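Take a look at the structure set out below.
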Amino acid sequence: MSVIAGNWKMHLGPEGTREFFTSFEISEAAGEHEIVLFPPALSLAAALESPDRDPRVQLGVQDIHFEDEGAFTGEVSAPMAAEAGATFALVGHSERRHVFGETDADVARKVAAAMRHELVPVVCVGETLEERQAGRVEEVILRQLAAALQPLAEADVRFLVAYEPVWAIGTGETATPEDASSAHGSLRKRLEGAVGIARATRVPILYGGSVKPANAAELLGSAEVDGVLVGGASLDPASFAEIAAAAGR
Ligand code: PGA
């Protein structure tokens with residue numbers, strides 16, 4: 001079983017969300033996979049209440065604050081997201097890290113907040129082009145993973161990891177299947193060391209960064225790739241359905 005996740009970023013308001021579900025259908029092949037969408041927080045209710053949404057499509061939020069409540073204008077907390085019906089939370093997405101200056105320590109606190117409120121965290125890690133060119137891929141992604149794992153190591157809760165090289169996000173550039181497999185292999189080893197082999201095998205590691213219908217099957221077929229986190233191509237119901245179907249082939 002693969003995980004096919006879609007991150008809508010700051011696209012699709014409530015109306016666009018309802019429209020998306022009027023034409024998004026899970027094919028028979030895709031039905032055995034786990035499908036999760038991350039609409040903007042303001043569109044979560046529209047997604048949940050959409051009469052056209054296949055109940056197999058699970059929903060999450062794109063970010064949470066690490067405090068449960070307080071004077072944090074504009075932020076969304078984990079208990080609010082859970083109360084509103086989210087079951088997953090992206091944590092440490094590269095745009096949060098690089099556009100909004102989120103640190104590894106912030107990410108760890110957000111993972112802890114997700115855990116407190118039974119949201120399944122999807123911990124995103126990935127290197128910049130500069131870091132890749134400097135041969136620092138492993139160092140960077142393992143450091144990011146180690147920080148996020150601190151709150152997760154002790155409690156036996158479910159979580160996912162997403163490897164998203166920053167240079168591949170929204171650029172049309174994709175990691176080669178070999179690059180993805182190699183990064184995923186390193187992450188898997190570190191996971192095993194941190195939480196034990198038995199628990200680590202239950203943690204899917206998704207690939208993200210310019211995943212499209214044309215490259216999804218190859219990426220999903222790569223060693224160590226347990227699913228995909230799709231940005232741009234998840235906004236179009238037909239493309240996202242095609243990507244989900246690629247997992248079943
Ligand atoms: P992209 O985004 O598929 O548009 O490259 C992926 C992501 O940021 O999750």
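Just follow the structure's listing: the first ligand is 1, and inside any ligand the first atom is 1. Small disclaimer: the values here were computed from a predicted structure and weren't measured.
Under 4.0 Å is where a charged nitrogen must lie from a carboxylate oxygen, and between Arg18 and Glu15 at least one such pair does. We find that Arg96 and Asp106 are not joined by a salt bridge, their nearest charged nitrogen and carboxylate oxygen being 4.0 Å or further apart.
Annotation: side chain to side chain donor-acceptor pair (under 3.5 Å) contacts involving residues 65-74, sequence neighbours excluded, comprise Glu67-Arg109, Asp68-Arg116, Asp68-His117.
For Gln62 (side chain) and Lys9 (main-chain N/O), a donor-acceptor pair under 3.5 Å exists by modelled atom type.
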Just list the N/O pairs, ligand 1 to protein, that are under 3.5 Å apart, with the distance for each.
| residue | atom | partner | partner atom | Å |
| --- | --- | --- | --- | --- |
| ligand 1 | 2 (O) | Lys9 | NZ | 3.2 |
| ligand 1 | 3 (O) | Ser210 | N | 3.4 |
| ligand 1 | 3 (O) | Gly231 | N | 2.8 |
| ligand 1 | 4 (O) | Gly232 | N | 2.9 |
| ligand 1 | 5 (O) | Gly170 | N | 2.6 |
| ligand 1 | 5 (O) | Ser210 | N | 2.7 |
| ligand 1 | 8 (O) | Lys9 | NZ | 2.7 |
| ligand 1 | 8 (O) | His93 | NE2 | 2.7 |
| ligand 1 | 9 (O) | His93 | NE2 | 3.3 |
| ligand 1 | 9 (O) | Glu164 | OE1 | 3.3 |
| ligand 1 | 9 (O) | Glu164 | OE2 | 2.7 |

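Hydrophobic cluster membership is shared by Leu152 and Val91, with clusters built from Ile, Leu, Val, Met, Phe, Trp and Tyr side chains linked at under 4.5 angstrom.
Side-chain contact between Phe240 and Leu37 is present, with at least one heavy-atom pair separated by less than 4.5 Å.
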